Each structure stands twice: as structure tokens, then as C-alpha cells.
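Fair warning: this is a prediction, and the values are worked out from it, not measured in the lab. FYI, side chains are in, hydrogens and waters are out, and symmetry mates aren't considered; it's all heavy atoms of this structure.
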Amino acid sequence: MTRTSWMRALGFVLPLALASGEPLPVGYAALRLGEVPQTFPVSSTDVNAIAWFKYGLLQLFSFGYDYAGPAFVKSRENDPKFALAYAFEALNNFWPLWSKDDLEASNAIFSSIPGNATANHHEQLYIDAIRAHFNTSLDNDAEARHSGAVTAIALVTASHPGDSTGWAMLGLWRLVLSTKQVGAAAQNSISLADSNLKSALAIDPRHPAALHYQLHLYDSLDAAVAAKGLPAATLYPQVAQDASHGQHMPVHIQLRLANYSACFAGDSLALQAADATCALYGLAGDESCDMWNLYHSLEYLQFTGYQIGRWKEAKAMNTRMSDSMASAAAKQHPQLANLKLWFMRMDARVILDMAFVMLPQTQLIGAAMNCTNPEGLAPGFWTSHTESGAALAHGLCQVFKYRPPSDKANPRRVALSAFRAQCVEVAGEHGGEDPTKLSPWYIHKVNLMHVAMLDAADFFVQAQDAVNSDAKQSLFTQA
């Protein structure tokens with residue numbers, strides 16, 4: 001591929017001004033991530049600044065945050081006056097739907113924009129919208145802050161209705177806003193997000209961001225809603241072939257429709273894409289390379305592998321996770337705590353699928369399963385969810401493998417009581433009974449359900465082992 005052809009592939013209009021500084025490596029430019037629409041504003045006249053910026057933008061569209069941020073830095077280093085590059089570098093600290101929103105880091109980037117930086121009117125609308133999102137005066141009111149960003153981004157589409165990226169971003173922000181709302185307000189935001197994303201795709205049917213965000217919009221337990229995402233699930237991985245998330249995100253739709261074979265195939269490609277890009281960057285030996293995408297797909301591959309009977313491949317995914325954990329621990333890797341989350345969930349799934357899918361109950365006593373207490377984690381959305389699920393899995397391991405008697409002094413009963421106590425503790429650590437705080441409330445309810453599931457399993461096993469018929473019936477009723 002010539003320099004001219006790859007610049008066209010990234011969406012450039014030629015001719016361009018002379019370049020200075022560090023060019024975008026040809027290998028990076030060759031990644032198939034989609035194209036930046038010509039309607040997106042870029043006022044810099046430096047070829048390298050534009051190349052790095054558009055590459056970063058395409059990575060950002062597909063949640064390639066580890067690659068997008070450094071690309072925006074390279075862009076502004078090539079053209080220090082290119083204000084839009086600073087703004088999108090700041091935006092890379094917001095991971096919508098992934099619970100990262102770093103106002104401090106983003107505002108520090110805004111503060112570093114030099115006084116002689118420039119932006120045309122179209123660009124300035126984007127910059128203003130991104131600033132609005134990181135408004136520190138609304139730090140304690142996420143709904144108001146997101147609402148302000150929606151209002152600001154709407155000015156982009158109002159002034160430039162042909163800008164498909166503006167419509168895509170407006171749809172995404174409305175979707176994020178809906179997670180901070182309840183009832184009619186949330187439904188209204190979701191409906192408007194749907195309309196905005198359709199507007200983006202009407203202008204550019206292959207817009208990678210619009211296709212991607214539409215999949216998040218339709219990722220629903222309601223099969224009729226999920227089915228609306230099938231067209232995007234088909235097209236997005238064709239558009240963003242080399243983006244790991246581009247191959248993975250359609251899996252969310254297929255999973256809702258129980259198409260487990262399609263899920264396994266999609267995440268196999270996602271894992272290959274993650275590994276290939278890590279190798280391209282010389283990071284194949286770094287356990288944290290693109291970890292938010294790589295291990296996400298690894299975990300899904302384990303799960304869907306179990307569902308379709310590809311147990312050897314599912315086991316291989318768990319082995320890879322265990323090896324990565326061991327390697328990271330030996331290095332005292334700074335991301336070890338995050339790696340533990342995937343490890344704990346995958347370890348729990350080995351127990352659950354072995355206990356309830358692969359082995360008959362009579363064989364569980366002799367099965368090689370580790371039933372030790374999982375590590376306690378600090379309260380949080382993913383941490384509480386992970387710890388509670390791990391405690392449930394290991395507790396069920398205790399129940400079905402060791403069948404603890406009802407005697408409270410029995411060592412097996414003592415061990416099971418410790419698992420139950422951990423489940424109860426986690427349920428009280430994160431979330432509560434306030435359904436207006438959706439994510440904490442949801443995790444709180446799930447964690448309470450884990451306690452009930454462990455109790456039900458315990459009663460069921462005790463009922464099976466009971467001699468007295470009345471006691472047996474009572475225990476079955478409790479289960």
C-alpha cells in the first residue's frame with residue numbers, strides 16, 4: 001500500500017500540506033478499522049498530525065482506548081496548535097458504558113492547550129461539547145453533566161446536519177445519559193439515541209461508531225429488541241475487521257438470541273485481532289496489552305465454548321488466563337488487580353460448568369475442583385459482582401462436592417457458612433435498595449440472589465441426604 005493510498009483509506013482529501021515530525025507507521029495505517037467520514041472537521045494542515053488523529057479517532061470509535069490516546073498525543077506533537085487533538089485526547093479518558101470517566105485527567109489536558117492553538121467553528125463545537133462533558137462543577141451530578149454534554153453535541157448536528165460522526169456521538173451520549181435516568185426520562189433518551197444513530201447511518205451506512213453504538217443500544221434481554229441489532233452485527237465486523245471490539249461487539253446481540261456458535265466464532269476473531277495488534281505494537285509479551293478487549297473476549301470464549309460443547313477450547317481459554325495471571329504476578333505487573341477480575345470469573349465458571357453441565361452429580365465428589373474461599377475485593381461495580389459470583393461458585397463447590405451435614409460444628413458446614421457470609425457481606429458493600437441508582441441497585445440485587453441460590457442448593461443437598469421423610473419434604477420446600 002502506497003502512502004497516498006493508505007491516506008485515502010483513512011479518509012483524507014488530497015493534496016495536503018508538507019509533513020513534519022513523526023509519521024503514522026504504515027502497519028498502523030493498514031489496520032482495517034473503517035474510515036473517517038469526509039464530513040468530519042480537521043483543520044490541521046500537517047499530514048502526520050492528521051494521520052495520527054484520524055487513526056486515533058478510528059481506534060476510539062471501536063473502544064481501542066489503549067491505542068487511541070497515544071495516537072492523539074502523537075497528533076498534537078506533530079501540530080501543537082491542533083486544538084481538536086487535545087480535546088479528543090481528553091475524551092479518551094471517558095469510556096462510555098465501561099465505567100471510566102476521569103474528569104481530573106481530562107481537564108489537565110485541556111489546561112495544556114497552548115494559547116495559540118486553533119480550531120475552526122465546526123471543530124470548536126466538538127471541543128465545547130467535550131469540555132461540557134468534563135464539567136467539574138457538576139462532578140457530583142452525572143445526569144446533569146451528561147445532559148449538558150448532550151445539549152452541546154446537539155449544536156454540532158444542528159450546525160452541521162451532514163456530519164454523521166456528530167449524530168453518532170449524540171446517540172452515544174444519549175444512551176449513556178439514559179443509564180443515569182429512570183422511567184420515562186430514560187426511555188425518551190433511548191428513543192432519541194436510536195433516532196440519532198439511524199440519522200448517522202442514513203448519511204454513512206458504514207460509519208464504524210454508529211454501527212458500534214447501535215449494537216450497545218440493542219443489547220437487550222428482550223429478544224425482539226436484540227434482533228434489531230442483527231444488521232449492525234453483520235456489518236460492523238466487516239467495517240472494523242482488525243478492531244478486537246469490532247469483532248466482539250456483535251457477540252452481545254448473538255448472545256441475547258442464544259446463537260452461541262456465532263458468539264464463539266466472533267470472539268475467536270476478536271481474540272485474533274487483539275493478539276495481532278499487540279504483536280504489531282511489540283507488546284505481545286505484556287499481559288495488559290489491550291486487556292479490556294482481549295480478556296473480555298477470552299472470558300466470553302470460555303463461556304460460549306461450554307455452551308456448545310467445545311470444552312477443550314473453553315479449558316484452553318482458562319489455561320491462558322491462568323498463565324497470564326501467573327506471569328503478571330511474577331512481574332508484579334501494575335495491572336495485576338484488574339487481571340484478577342477476569343481470572344476469578346473464569347475460575348468460577350470452570351466450577352459452575354463442571355458442576356452443572358459436564359459432570360453428573362454422582363461424580364462431583366471425586367472431581368478435581370478447588371473450593372477455597374475467593375479473595376475479598378474492594379467494593380465496586382465489577383469488583384463486587386466478581387467477588388459475589390466467585391463466592392457463589394466456590395460455595396456451590398462446597399455444597400455439591402462435600403455435601404456438608406447440618407451440624408454447625410462440622411468443618412464442612414463451617415466452611416460453607418464462611419462462603420455464605422462472604423456473599424452476604426458483598427451484597428451490603430455495593431449498592432442498596434434505591435432503584436434510581438441503577439447500577440449499584442442491580443448489582444445489589446444480583447448479589448442477594450447469589451445468597452439465595454447458595455441457600456437453595458444447600459437445602460436441596462440436605463434434602464437429598466435426609467433420612468426422615470418429613471425433614472426431606474421440609475428441606476425441599478425451603479430449597
message: As a quick check of understanding, evaluate side chain to side chain donor-acceptor pair (under 3.5 Å) for Glu123 and Ser43, giving each step before the final call.
response: CA-CA 8 Å; Glu123 290 174 324; Ser43 63; 2.6 Å; yes
task: May I have the step-by-step check of salt bridge (Lys or Arg N to Asp or Glu O under 4.0 Å) for Arg256 and Asp219, ending in yes or no?
output: CA-CA 7 Å; Arg256 300 302 192 186; Asp219 182 6; 2.6 Å; yes
query: Checking side-chain contact (heavy atoms from CB on, under 4.5 Å) for the pair Tyr86/Ser112: CA distance, chi angles, key distance, verdict?
result: CA-CA 8 Å; Tyr86 295 87; Ser112 71; 3.9 Å; yes
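Heavy-atom minimum distance, Asn293 versus Ser244: CB-OG, 3.7 Å.
In this structure, Tyr28 has its ring center closer than 6.0 angstrom to the ring center of Tyr281. Less than 6.0 angstrom separates the ring centroid of Trp173 from the ring centroid of Phe94. Proximity of the aromatic rings of Phe63 and His216 is defined here by a centroid distance below 6.0 angstrom, and this criterion is met.
Taking the six-membered ring where tryptophan is involved, the planes of Tyr260 and Phe303 are perpendicular, since the angle between them exceeds 60° and thus also 30°. Between Phe40 and Phe88, the ring planes lie perpendicular to each other; the angle is over 60°, past the 30° to 60° tilted range. Aromatic ring pairs are classed by plane angle as parallel below 30°, tilted from 30° to 60° and perpendicular above 60°; the pair His248 and Tyr300 is perpendicular.
In the model, Asn135 has a side-chain atom that pairs as donor or acceptor with a side-chain atom of Ser137 under 3.5 Å. Side-chain contact, His385 with Asn447: no donor N or O sits under 3.5 Å from an acceptor N or O.
Of the residues listed (Tyr236, Tyr218, Phe61), the one engaging His212 in a ring pair (Phe, Tyr, Trp, His ring centres under 6.0 Å) is Tyr236, and it is the only one.
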